[in-house]
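Numbering of residues begins at 1 and proceeds along the displayed sequence. Atoms within each ligand, like the ligands themselves, are counted from 1 in listed order.
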Amino acid sequence: MRRLLERFAYFMQGRYGNDALNNFIAVSFLIIWAVNIFVFNFTATIVLDLIMLGLIALMLFRSFSKNINARLLENRRFLKIFNAVKSFFTLNQKKFRERKEFKYIKCPHCKAQLRVKRQKGNHTVRCPRCKSEFKTKI
Ligand SMILES: [Zn+2]
């Protein structure tokens, strides 16, 4: 067993290994696998099997790839999209949680998200990012 691990470590030398994108592919694989258990349509099962096979192939290809720069670039592109989606949901979750106390408005100059207290009336807001002032009604 130990020799096998040593051989594997030797094999992995100079190869890319694992990253966030591969973890995401693995999670997608598990989700499709779980969905596939409840799919009884023959054609749909075949399609899902093929997608799963493709995901495994992609994961193995990326892990064993010796073109480390290309894989790093892929991972960076993935993280950029993933983090944008994640922060979108985090912000909306926060907006919903604080909906009674705060209102979120966009700065008309720099488009920054600003959080203002929910107090009825006309207010002058000063954007902390671009320092410009504008009027808003709550
Ligand atoms: Zn601003």
Geometric cation-pi criterion, R76 with F78: 6.0 Å, 45°: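 The answer is no; the distance or angle limit is not met.
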Strictly distance-based, threshold 3.5 Å: is any side-chain N or O of N92 a donor or acceptor partner for the main-chain N or O of F88? yes
Give a yes or no on whether the backbone of L4 and the side-chain of R7 come within a donor-acceptor separation of less than 3.5 Å. no
Taking side chain to side chain donor-acceptor pair (under 3.5 Å) as the definition, give me every residue that meets it alongside N23, ordered by chain and number, with sequence neighbours left out. N18
Who passes salt bridge (Lys or Arg N to Asp or Glu O under 4.0 Å) against R129, sequence neighbours left out? none
Excluding sequence neighbours, so at least two apart, what forms salt bridge (Lys or Arg N to Asp or Glu O under 4.0 Å) with R62?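 R62: salt bridge (Lys or Arg N to Asp or Glu O under 4.0 Å) contacts with D19, E74.
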Can you count the protein N/O/S atoms lying under 2.8 Å from the Zn ion (ligand 1), leaving waters out? 4
